[in-house]
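These notes concern the structure reproduced below.
The structure presented is a predicted model; accordingly, all values stated were derived computationally and were not measured.
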Amino acid sequence: MGKISVELTEEEMRNLAEVSAMALTMLGQGMPESRDPRVDEWHRLLVDILKAAHTIPGIAKDMEMNPDCGYWFFKHAYVDSAFYSDLLDEVRDAVFWEELVARMAAQSLAESIGPEAVDNMDPEERSARLSSMEKALWNEVTRHGIDRLFFMLPPEES
């Protein structure tokens, strides 16, 4: 397969480098031990993009050779204020709340009618009941966060 050239402005290259940094961060968190060859292919491509970004003086000043990973990456001070960091924080936050609400709804349904009844429930009915509970829980956490949630821990864990 032949090579393809792309012309980018410095700002576009900075944005591409940030997208690459974000994707590398996500790969590291989401698939740290993956044996999928696509992970390696993506990793190499993303590292190559960061390496190319480092050749641009305006971007290079915000990068360093990261001793932990062995390739060029943005400096910690830059990462702290980078747009992609804000985006990653928003994604993590959204995933946390979605997972919390979904698990709480499933747990509440199992506790109210029993795990066997949930397992034997028609998938459409289960989905409708969970959806209703999730809506109520979303309303609660949207207004109050976890302030009004009550967690009961077994005595040996508290």
Side-chain angles (χ1 to χ4, degrees), residues 1-110 118 123-124 126-149 151 153 157:
M1 183 182 335
K3 295 218 176 215
I4 298 172
S5 296
V6 178
E7 289 187 31
L8 302 172
T9 65
E10 184 173 324
E11 187 60 27
E12 289 170 334
M13 187 63 196
R14 179 180 293 278
N15 288 339
L16 182 58
E18 282 198 28
V19 169
S20 297
M22 179 177 68
L24 278 168
T25 302
M26 292 176 76
L27 277 176
Q29 290 177 355
M31 303 183 111
E33 303 296 325
S34 177
R35 299 201 190 314
D36 187 327
R38 291 173 299 177
V39 171
D40 292 336
E41 290 170 14
W42 278 41
H43 188 271
R44 278 190 300 278
L45 174 62
L46 297 167
V47 168
D48 285 347
I49 292 169
L50 289 173
K51 185 177 172 183
H54 179 261
T55 65
I56 300 168
I59 301 172
K61 66 181 175 54
D62 296 319
M63 298 182 82
E64 65 186 356
M65 178 59 75
N66 187 313
D68 295 332
C69 55
Y71 52 80
W72 291 99
F73 202 82
F74 289 106
K75 295 176 182 176
H76 288 290
Y78 183 86
V79 171
D80 289 342
S81 63
F83 173 69
Y84 86 88
S85 291
D86 294 340
L87 183 56
L88 280 173
D89 288 344
E90 290 296 322
V91 168
R92 287 181 191 117
D93 192 48
V95 169
F96 168 80
W97 288 109
E98 288 173 18
E99 189 70 19
L100 178 66
V101 166
R103 288 181 184 214
M104 288 177 62
Q107 180 69 27
S108 295
L109 183 60
V118 172
E124 289 178 7
R126 179 180 15 201
S127 179
R129 301 261 314 253
L130 288 172
S131 179
S132 175
M133 289 179 158
E134 286 176 7
K135 185 176 179 179
L137 287 166
W138 264 118
N139 192 16
E140 177 65 25
V141 298
T142 300
R143 288 192 178 138
H144 305 286
I146 60 169
D147 292 342
R148 296 184 353 172
L149 297 179
F151 297 94
L153 298 174
E157 293 181 24

Partners meeting side chain to side chain contact (heavy atoms under 4.5 Å, CB included) with Thr25 (sequence neighbours left out):
Gln29, Phe73, Tyr84, Leu88, Arg92
Could you state the interatomic distance from CG (Leu8) to CD1 (Ile56), rounded to the nearest 0.5 Å?
8.0 Å
Min side-chain heavy-atom separation Asn15-Glu12 under 4.5 Å
no
Roughly how far apart are His43 NE2 and Asp48 CG, rounded to 0.5 Å?
10.5 Å
Run the side-chain contact (heavy atoms from CB on, under 4.5 Å) test on Phe74 and Leu50 for me, step by step, so that the C-alpha distance in whole Å, both residues' side-chain angles and the decisive distance to 0.1 Å come before the verdict.
CA-CA 9 Å; Phe74 289 106; Leu50 289 173; 4.2 Å; yes
Return the CG to CE distance between Leu46 and Met22, rounded to the nearest 0.5 Å.
10.0 Å
Between the CG atom in Leu130 and the CG atom in Leu109, the distance rounded to the nearest 0.5 Å is 5.0 Å
By side chain to side chain contact (heavy atoms under 4.5 Å, CB included), Arg38 pairs with (sequence neighbours left out) Asp36, Glu41
Mark yes when over 12 heavy atoms from residues, nucleotides or ligands other than Trp97 sit less than 6.0 Å from its CH2; otherwise mark no.
yes
Could you tell me the separation between the CZ atom of Arg35 and the CG atom of Asp40, rounded to the nearest 0.5 Å?
10.5 Å
Does atom NE2 (His144) have a neighbourhood of more than 12 heavy atoms from anything else shown, all under 6.0 Å?
yes
Can any side-chain N or O of Ser132 pair as donor or acceptor with the backbone N or O of Ala128 at less than 3.5 Å?
no
Answer yes or no: are there more than 12 heavy-atom neighbours, outside Leu87 itself, under 6.0 Å from its atom CG?
yes
Please identify each residue that fulfils side-chain hydrogen bond (donor to acceptor under 3.5 Å, both in side chains) with Gln107, with sequence neighbours left out.
Glu111
So, using side chain to side chain contact (heavy atoms under 4.5 Å, CB included) as the criterion, who are the partners of Val101 when residues are at least two apart?
Glu134, Leu137, Trp138, Val141
Output for pair (Met13 CE, Ser20 OG), nearest 0.5 Å, gives 7.0 Å
For Ala82 versus Glu18, what's the shortest heavy-atom pair and its separation?
CB-OE1, 3.9 Å
Val118 vs Arg129 side-chain heavy atoms within contact, under 4.5 Å:
no
Sorted by chain and number, sequence neighbours left out, salt bridge (charged side-chain N to carboxylate O under 4.0 Å, His left out) with Glu140 holds for Arg148
Sequence neighbours excluded - salt bridge (Lys or Arg N to Asp or Glu O under 4.0 Å) pairs with any residue from residues 59-84:
Arg14-Asp62
